[in-house]
K.L.:
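Sharing a structure with you now.
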Protein chains: 2
Amino acid sequence: MEQHRDYESELRQAGVRLTKPRKVILKIIGESEDHPDAMAIFRRAVKIDASISLATVYRTMKLLEELGAVHRHSFEGGPARFENADGEHHDHLIDLDTGKVIEFHSETLEKLQEQIADELGYDIEHHRLELYGRKRR
Amino acid sequence: MEQHRDYESELRQAGVRLTKPRKVILKIIGESEDHPDAMAIFRRAVKIDASISLATVYRTMKLLEELGAVHRHSFEGGPARFENADGEHHDHLIDLDTGKVIEFHSETLEKLQEQIADELGYDIEHHRLELYGRKRR
DNA sequence: ACCCTTGTTGCAAACGATTTGCATTTGCAT
DNA sequence: ATGCAAATGCAAATCGTTTGCAACAAGGGT
């Protein structure tokens, strides 16, 4: 059960320099099971290498996004949050009380979206589906 | 065929003071067929009353959102855009080439979302579905 | 192992969108 | 008309993010 991509070789292959800050950030997002924002990544990074700057975190996240290594999410009110691009596509349910993000996937839903776009004469490039709710009790 | 809500009496009823800037902004969003952002609303407002400030536009939009009179959308990269809350709920398809926003609605889709949230033990408060695509040719 | 070139960094300042403190004005109930 | 709380304009503050620039370091060539 292979869990994480080997980002380092991927980046190397993409002609990107493997610098110290990048290694640290790569390690962090590779291990993250949550959806940290830039500041959270920065805080975790500083623990490993105190000289890393927030600017570098932002630059690196942008780079990784362009390389398709991470996905950027802009949930309501709040900074962008990232997750590594392992695994298959999924959408998000955000718990309004805790901010926790729950992932889900529905093939039916995907198909339905494509069908709708198709009827409107469009090809979907990507989409964004977020459900905001509270735990039923 | 009644087209626009009578925001003024609604607001009055909600105990909100009907000030000059608010009347102007109300008129603007009542007539808007597009999805203007705060700056666009401000520009249109200044033409009617030159003394209106951008801060008041922001304050008023927040107020109207809380009253349920307008909906705020945060499409990818760019300021929040508003639309009046007339008519029924719909989602958006954003044309990546033109930035044009196409509205659509699917009852099946809505139901499916609710069902998914339900299975996860959640009640949906609201959701956000945006399709980003290009016109098929 | 040591350059050399060029990409990358840290810092601080700049940025765009939005919010806020405060003194002044204004709606509107009396 | 009068008074008072609510709303305004202005400028400064805030938040998340980007950028200019001089110092620095990765990693290919020698």
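The chains referred to below are lettered A, B, ... by the order of the sequence lines, with proteins before strands, and numbering in each begins at 1.
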K.L.:
Of the non-hydrogen atoms in A:Phe104 and A:His90, which two are nearest, and what is the gap between them?
P.N.:
O-CB, 3.2 Å
K.L.:
Is any N or O donor-acceptor pair between the side chain of A:Arg59 and the base of C:dG7 shorter than 3.5 Å?
P.N.:
no
K.L.:
With the side chain counted from C-beta on, respond yes when B:Ile102 and A:Tyr122 share a heavy-atom pair under 4.5 Å apart, and no when they do not.
P.N.:
yes
K.L.:
What is the distance, to the nearest angstrom, from the CG atom on B:Leu63 to the P atom on D:dT8?
P.N.:
9 Å
K.L.:
For B:Ser51 and for A:Asp37, locate the closest nucleotide of DNA chain D by heavy-atom distance; then report the residue assigned to the nucleotide nearer the 5' terminus.
P.N.:
B:Ser51
K.L.:
In whole angstrom, what separates A:Met61's CE from D:dG16's P?
P.N.:
16 Å
K.L.:
Can you tell me if the side-chain N/O atoms of B:Ser53 get under 4.0 Å from OP1 or OP2 in D:dC10?
P.N.:
no
K.L.:
Output yes when A:Glu130 and A:Arg128 qualify as a salt bridge under the 4.0 Å nitrogen-oxygen rule, no when they do not.
P.N.:
yes
K.L.:
Would you tell me if any nitrogen or oxygen in the side chain of B:Thr19 comes within less than 4.0 Å of OP1 or OP2 on D:dT8?
P.N.:
yes
K.L.:
Quick check on DNA chain C: between B:Val16 and A:Asp49, whose nearest nucleotide comes earlier from the 5' end?
P.N.:
A:Asp49
K.L.:
Provide the distance between the two C1' atoms, one in D:dA13 and one in D:dG9, to the nearest whole Å.
P.N.:
16 Å
K.L.:
In whole angstroms, how far is the P atom of C:dG16 from the CZ atom of B:Phe42?
P.N.:
16 Å
K.L.:
Hey, is the side chain of B:Lys62 poking within less than 4.0 Å of OP1 or OP2 on C:dT18, counting only N and O atoms?
P.N.:
no
K.L.:
One thing to verify: whether A:Asp34 and A:Lys100 come together as a salt bridge, which I'm taking to mean a side-chain N less than 4.0 angstrom from a carboxylate O.
P.N.:
no
K.L.:
Can you say whether the rings of A:His126 and B:Tyr132 are parallel (under 30°), tilted (30 to 60°) or perpendicular (over 60°)?
P.N.:
parallel
K.L.:
Take atom NE2 of A:His73 and atom C1' of D:dG16, then tell me their distance rounded to the nearest Å.
P.N.:
18 Å
K.L.:
Let me know the distance between CG of B:Leu54 and P of C:dG16, rounded to the nearest Å.
P.N.:
14 Å
K.L.:
Using the closest heavy atom to pick a nucleotide of DNA chain C for each, name whichever of B:Arg17 or A:Ile52 lands nearer the 5' end.
P.N.:
A:Ile52
K.L.:
Once you apply the 3.5 Å cut-off to both distances, tell me the Watson-Crick or G-U wobble partner of C:dA29, or none.
P.N.:
D:dT2
K.L.:
Kindly point out which of C:dT18, D:dG9, C:dC28 is positioned nearest to the side chain of B:Leu18?
P.N.:
C:dC28
K.L.:
Give the rounded distance in Å between these two atoms: NZ of A:Lys23 and P of C:dT8.
P.N.:
14 Å
K.L.:
Tell me whether the side-chain N/O atoms of B:Arg22 come closer than 4.0 Å to OP1 or OP2 in D:dT8.
P.N.:
yes
K.L.:
D:dG9 C1' sits how many Å from B:Lys20 NZ, rounded?
P.N.:
14 Å
K.L.:
Does a side-chain N or O of A:Tyr58 approach OP1 or OP2 of D:dT17 to a distance below 4.0 Å, or not?
P.N.:
yes
